[in-house]
Asker: 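One structure coming up, written as structure tokens, with questions to follow.
Hydrogens, waters and symmetry mates are skipped; everything else that's a heavy atom, side chains included, is used.
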Amino acid sequence: MNIQDAYEELCRTIAAYTAKNEAGLYRIPVESRRPLLLMGAPGIGKTAVVKQAAAKCRVAFLSYAMTHHTRQSAIGLPVIRERSFRGTPYSITEYTMSEIVGDILRTMEETGLEEGVLFLDEINCVSETLLPSMLRLLQFKSFGSHRLPDGWIIAAAGNPPGRCNRSARELDIVTLDRVRLLALEPDLDAWRS
């Protein structure tokens with residue numbers, strides 16, 4: 001698929017995932033929304049096309065380069081809390097809010113938009129320690145104990161492993177099972193438009 005086809009698919013997906021029924025509930029539940037994964041060479045226009053689709057659909061756009069994140073910035077820092085279960089006190093670990101979820105909430109306040117696209121760039125370059133958190137995000141739409149707001153959609157991008165990006169890795173079947181892959185091929189005319 002070329003970048004123009006990807007743009008049209010992004011627009012259709014955003015429209016479908018943000019559509020509501022007569023009661024004001026999302027027609028497609030959050031749990032059923034599969035993130036889109038745009039896989040293609042560097043410079044093909046993955047980030048630009050996601051941003052353009054978000055603008056056309058009048059939803060917010062927030063982009064993160066995942067190579068710059070650690071497990072702590074993604075899921076938050078550990079905090080010891082005192083809890084009581086069946087009358088017995090325990091110390092348990094909870095986590096502060098994810099930097100990413102916090103930025104989504106800030107973006108919602110600044111723009112007044114309740115719906116948006118969280119764009120995760122270079123998803124196949126994340127550190128080994130962040131991989132389990134990324135899988136949880138793709139499947140359950142949450143970082144740690146903090147869920148993405150229901151109106152937010154996940155789109156991700158990656159570069160093919162090899163000479164374009166030596167830190168990129170092949171995504172395993174577990175990850176690919178949680179996304180809808182859009183394999184992008186270079187097309188100069190589509191890129192120009």
Side-chain angles (χ1 to χ4, degrees), residues 1-19 28 30 32-70 73-74 99-100 103-104 107 111 113 115-139 141 143 148 151-193:
M1 125 179 336
N2 66 32
I3 203 72
Q4 180 64 37
D5 296 333
Y7 170 77
E8 291 167 8
E9 183 60 27
L10 282 158
C11 290
R12 282 191 298 271
T13 300
I14 293 168
Y17 286 175
T18 58
I28 300 174
V30 174
S32 299
R33 298 179 195 162
R34 292 181 71 180
L36 293 176
L37 172 60
L38 287 74
M39 190 64 73
I44 202 167
K46 298 180 294 286
T47 304
V49 78
V50 175
K51 187 173 184 178
Q52 291 165 8
K56 180 180 181 189
C57 295
R58 296 189 173 124
V59 299
F61 174 79
L62 181 61
S63 177
Y64 269 93
M66 294 312 295
T67 53
H68 303 296
H69 279 277
T70 64
S73 65
E99 176 184 317
I100 296 170
D103 278 349
I104 289 172
T107 298
T111 64
L113 298 170
E115 298 168 335
V117 176
L118 173 61
F119 180 65
L120 306 173
D121 200 6
E122 301 172 355
I123 195 169
N124 61 334
C125 296
V126 299
S127 69
E128 292 289 330
T129 59
L130 189 52
L131 277 176
S133 299
M134 292 307 305
L135 287 176
R136 180 174 174 80
L137 174 67
L138 295 173
Q139 185 168 3
K141 317 310 182 273
F143 275 122
L148 270 60
W152 280 71
I153 298 159
I154 300 170
N159 298 322
R163 60 189 170 121
C164 293
N165 187 340
R166 296 198 194 282
S167 64
R169 66 174 67 83
E170 289 287 338
L171 294 173
D172 60 20
I173 193 67
V174 174
T175 304
L176 292 173
D177 188 46
R178 287 161 173 76
V179 297
R180 201 167 77 219
L181 179 63
L182 304 179
L184 302 177
E185 296 296 327
D187 181 327
L188 183 59
D189 293 332
W191 183 83
R192 283 181 175 162
S193 71

Asker: Between the main-chain N or O of Asp177 and the side-chain N or O of Arg34, is there a donor-acceptor pair closer than 3.5 Å?
Answerer: yes

Asker: Evaluate the criterion side chain to side chain contact (heavy atoms under 4.5 Å, CB included) for residue pair Leu113 and Val59; output intermediate values, then yes/no.
Answerer: CA-CA 6 Å; Leu113 298 170; Val59 299; 5.6 Å; no

Asker: Could you go through residues 46-58 and list every donor-acceptor pair under 3.5 Å that involves a side-chain atom there, pairing it with any protein atom two or more places apart or in another chain?
Answerer:
unit_1: Lys46; atom_1: NZ; unit_2: Gly40; atom_2: O; d: 2.9
unit_1: Lys46; atom_1: NZ; unit_2: Ala41; atom_2: O; d: 3.0
unit_1: Lys46; atom_1: NZ; unit_2: Asn159; atom_2: OD1; d: 3.0

Asker: Enter the distance from Tyr17:OH to Leu36:CG here, rounded to the nearest 0.5 Å.
Answerer: 6.0 Å

Asker: Sub-3.5 Å donor-acceptor pair from the side chain of Lys141 to the main-chain atoms of Ile153, do we have one?
Answerer: no

Asker: Tell me every residue that passes side chain to side chain contact (heavy atoms under 4.5 Å, CB included) with Leu137, counting only those two or more places apart in sequence or in another chain.
Answerer: Leu120, Met134, Phe143, Leu148, Ile154

Asker: To the nearest 0.5 angstrom, please state how far the CG atom of Leu37 sits from the CZ atom of Arg180.
Answerer: 11.0 Å

Asker: In sequence, state the C-alpha distance, the side-chain angles, and the governing distance for Leu62 and Trp152, and then conclude on side chain to side chain contact (heavy atoms under 4.5 Å, CB included).
Answerer: CA-CA 10 Å; Leu62 181 61; Trp152 280 71; 4.0 Å; yes

Asker: Not counting sequence neighbours, which residues clear salt bridge (Lys or Arg N to Asp or Glu O under 4.0 Å) with Arg136? List them please.
Answerer: none

Asker: A side-chain contact here means heavy atoms from C-beta on lying under 4.5 Å apart; do Asp187 and Ile3 qualify?
Answerer: no

Asker: Between atom CG of Asp5 and atom CG of Leu182, what is the distance when rounded to the nearest 0.5 Å?
Answerer: 9.5 Å

Asker: I need the Ile14 CD1 to Glu115 CD distance, nearest 0.5 Å.
Answerer: 10.5 Å

Asker: Judged by atom type as modelled, is there a donor-acceptor pair below 3.5 Å linking the side chain of Ser32 to the main-chain atoms of Ile28?
Answerer: no

Asker: Any side-chain heavy-atom pair from Asn2 and Glu185 closer than 4.5 angstrom?
Answerer: no

Asker: Does Tyr64 form a side chain to side chain contact (heavy atoms under 4.5 Å, CB included) with Phe119? I'd like the steps, not just the answer.
Answerer: CA-CA 6 Å; Tyr64 269 93; Phe119 180 65; over 6 Å; no

Asker: Measure the CD1-CG distance between Ile44 and Leu184 for me, rounded to the nearest 0.5 Å.
Answerer: 5.0 Å

